[in-house]
Each structure stands twice: as structure tokens, then as C-alpha cells.
Engineer: 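I have a structure here, written as C-alpha cells, and I will follow up with some questions on it.
We count residues from 1, following the sequence as given. Computation of the quantities below employed the complete heavy-atom set of this structure, encompassing side-chain atoms and omitting hydrogens, waters and symmetry-equivalent molecules.
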Amino acid sequence: MILIDENVPKSVYTELKRRGYDVKHVIFIKRGLKDKEIIDLANIEGRIIITLDEDFVHLSRFLKTKVILIRKKIEKRRIDSLVDTLERVFNIEGKVIIIREAFIEVL
């Protein structure tokens, strides 16, 4: 189960949904949710947060699941590749997983 922050393109949501994931995007829930509200929702529903917002690294101590932070350029024509990477990291143990241009970092 996944919760996508509003700063992540809708195309990531669409591709995850197409692949059969239980995914929600903040823009379809309520624009402008505060980070704490996103964490509360993720905790209640047991969802992994996918975001571009580095603040979630510091807030992860309040999260019961994990956060995946994307720190690489997101190209519309390469959404499939990004979602492939997301699928690989869903099962990695760790509270914070950072997807960078050349590697994946686990904190």
C-alpha cells in the first residue's frame, strides 16, 4: 500500500495503479496536506510514502512504515524505469530509502 506525496508526478501514480498496486495520491485526497497529516494518513492505512520532499527523512521517526525519497530527475518518458526501481525498493528493509541518480541509499 502506497501514498504518493503531491510533489510526485501523477504519471507515477498512474503507472503504479496500472501495475495493480493499492496506491493513493495526495492530490486526489486534499491538496496542501501538511507533512504531519500525510504521515498520520500513512500510519493509519499502513502506506509507504513516496515523495520528493527531504523533510520526510527527518520526520520518518514518526512513520510506522517507510518513506521512499526520490532524489533524481524524473523524466516523463522514463516513468516506467522509475516505477521499476520503486518496485525493487518496496521490499528493502529500512525506514528511509533514497533513490539517487546512480545508486539507492538505505538509512
Side-chain angles (χ1 to χ4, degrees):
M1 295 185 6
I2 302 157
L3 179 61
I4 298 178
D5 196 1
E6 75 181 280
N7 57 16
V8 177
K10 285 189 281 187
S11 54
V12 174
Y13 163 85
T14 302
E15 182 59 21
L16 285 166
K17 196 84 162 154
R18 188 188 71 73
R19 294 185 188 194
Y21 286 94
D22 178 352
V23 59
K24 291 184 177 180
H25 200 302
V26 170
I27 62 169
F28 299 126
I29 298 168
K30 180 184 174 193
R31 286 189 179 273
L33 279 180
K34 304 286 185 219
D35 293 347
K36 179 68 170 102
E37 293 172 307
I38 293 169
I39 288 172
D40 290 344
L41 179 59
N43 285 339
I44 290 167
E45 297 186 4
R47 294 184 180 274
I48 296 169
I49 296 173
I50 299 175
T51 186
L52 305 178
D53 184 351
E54 288 185 10
D55 290 343
F56 281 95
V57 172
H58 307 292
L59 296 170
S60 65
R61 66 182 182 273
F62 301 111
L63 193 58
K64 293 178 185 172
T65 61
K66 66 178 150 191
V67 62
I68 299 172
L69 175 65
I70 301 170
R71 299 307 298 158
K72 65 183 266 176
K73 184 177 179 183
I74 299 176
E75 299 176 48
K76 189 171 185 172
R77 61 179 170 53
R78 303 223 6 140
I79 291 300
D80 284 351
S81 175
L82 174 60
V83 173
D84 290 344
T85 301
L86 287 169
E87 286 184 314
R88 286 195 305 274
V89 302
F90 286 150
N91 295 318
I92 293 176
E93 293 296 320
K95 195 68 157 180
V96 177
I97 299 167
I98 305 171
I99 299 173
R100 299 192 184 275
E101 288 296 336
F103 62 95
I104 294 169
E105 183 178 0
V106 180
L107 305 178

Engineer: Taking only Lys NZ, Arg NE, NH1 and NH2, and the carboxylate oxygens of Asp or Glu, determine whether D22 and R47 approach each other closer than 4.0 Å.
Structural biologist: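 Looking at D22 and R47, the cut-off is met.
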Engineer: Find the distance between OG1 (T51) and CD (E54) and round it off to the nearest 0.5 Å.
Structural biologist: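 The OG1 atom of T51 sits 9.5 Å away from the CD atom of E54.
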Engineer: Consider only side-chain heavy atoms of I, L, V, M, F, W and Y, link residues closer than 4.5 Å, and tell whether L52 and L3 are in one cluster.
Structural biologist: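 No, it is not one cluster - the side chains of L52 and L3 are not joined through contacts under 4.5 Å.
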Engineer: Hey, could you give me the OG/NZ distance between S60 and K66, rounded to the nearest 0.5 Å?
Structural biologist: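 The distance works out to 12.5 Å.
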Engineer: Side chains of T14 and L16: closer than 4.5 Å at any heavy-atom pair?
Structural biologist: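 The answer is no; the side chains never approach within 4.5 Å.
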Engineer: Starting at OH of Y13, measure out to CD1 of I79 and round the result to the nearest 0.5 Å.
Structural biologist: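 The distance works out to 15.0 Å.
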Engineer: Test side chain to side chain contact (heavy atoms under 4.5 Å, CB included) on L86 and V12 and set out the steps.
Structural biologist: CA-CA 10 Å; L86 287 169; V12 174; 3.9 Å; yes
Engineer: Please say yes or no: joined through hydrophobic side-chain contacts below 4.5 Å, possibly via intermediate residues, are F62 and V96 part of one cluster?
Structural biologist: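 Yes, it is one cluster - the side chains of F62 and V96 are joined through contacts under 4.5 Å.
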Engineer: Between I29 and V8, is there shared hydrophobic-cluster membership here, with clusters defined by ILVMFWY side-chain heavy atoms closer than 4.5 Å?
Structural biologist: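 I29 and V8: separate clusters.
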Engineer: Determine whether Y21 and M1 make a side-chain contact, defined as any pair of heavy atoms from C-beta on separated by less than 4.5 Å.
Structural biologist: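 A side-chain contact under 4.5 Å is absent here.
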Engineer: Does the side chain of I48 reach to within under 4.5 Å of the side chain of V67, using non-hydrogen atoms?
Structural biologist: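 Not in contact.
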Engineer: Is I38 linked to F28 within one hydrophobic cluster, defined over Ile, Leu, Val, Met, Phe, Trp and Tyr using a side-chain heavy-atom separation of less than 4.5 Å?
Structural biologist: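 Each belongs to a different hydrophobic cluster.
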Engineer: Nearest 0.5 Å, what's the CD1-NZ distance between I99 and K72?
Structural biologist: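 Reported value, rounded in 0.5 Å steps: 7.5 Å.
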Engineer: Tell me whether the count of non-hydrogen atoms from other residues, nucleotides or ligands lying under 6.0 Å of NZ in K95 goes above 12.
Structural biologist: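 Result for NZ/K95: enclosed.
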Engineer: Atom CD of residue position E101 - does it have more than 12 heavy atoms of other residues, nucleotides or ligands inside 6.0 Å?
Structural biologist: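 Yes, the 6.0 Å shell around CD holds more than 12 heavy atoms from other groups.
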Engineer: Should E15 and R18 count as an ion pair when the cut-off is N to O under 4.0 Å?
Structural biologist: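 Looking at E15 and R18, the cut-off is met.
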Engineer: Kindly compute the distance separating CG (L63) from CZ (F56), expressed to the nearest 0.5 Å.
Structural biologist: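 L63 CG to F56 CZ: 8.5 Å, rounded to 0.5 Å.
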Engineer: Would you check if the side chain of E45 reaches a backbone N or O of A42 as a donor-acceptor pair within less than 3.5 Å?
Structural biologist: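 Not confirmed, E45 side chain does not pair with A42 backbone.
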Engineer: For a 4.5 angstrom cut-off between non-hydrogen side-chain atoms, does I2 reach F90?
Structural biologist: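 With C-beta onward as the side chain, the pair touches.
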Engineer: Before giving the answer on side chain to side chain contact (heavy atoms under 4.5 Å, CB included), spell out for K17 and H25 the whole-Å C-alpha distance, their side-chain angles and the decisive distance to 0.1 Å.
Structural biologist: CA-CA 10 Å; K17 196 84 162 154; H25 200 302; over 6 Å; no
Engineer: Taking atom CD1 of I104 and atom CG of L69, what is their separation to the nearest 0.5 Å?
Structural biologist: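 That separation rounds to 12.5 Å.
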Engineer: Step through the shown structure and confirm whether more than 12 heavy atoms of other residues, nucleotides or ligands are within 6.0 Å of CZ on R19.
Structural biologist: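 Above 12, so yes.
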Engineer: Following the transitive rule for hydrophobic clusters with a side-chain heavy-atom cut-off under 4.5 Å over Ile, Leu, Val, Met, Phe, Trp and Tyr, establish whether I68 and I39 coincide in one cluster.
Structural biologist: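 Unlinked, I68 and I39 end up in two clusters.
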Engineer: Are the side chain of D5 and the backbone N or O of I50 linked by a donor-acceptor pair below 3.5 Å?
Structural biologist: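 No: the side chain of D5 does not pair with the backbone of I50.
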Engineer: Step by step, work out the salt bridge (charged side-chain N to carboxylate O under 4.0 Å, His left out) result for D84 and R88.
Structural biologist: CA-CA 6 Å; D84 290 344; R88 286 195 305 274; 5.6 Å; no
Engineer: Does E105 pair with R100 as a salt bridge, N-O distance under 4.0 Å?
Structural biologist: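 Looking at R100 together with E105, the answer is yes, because their closest N to O distance falls below 4.0 Å.
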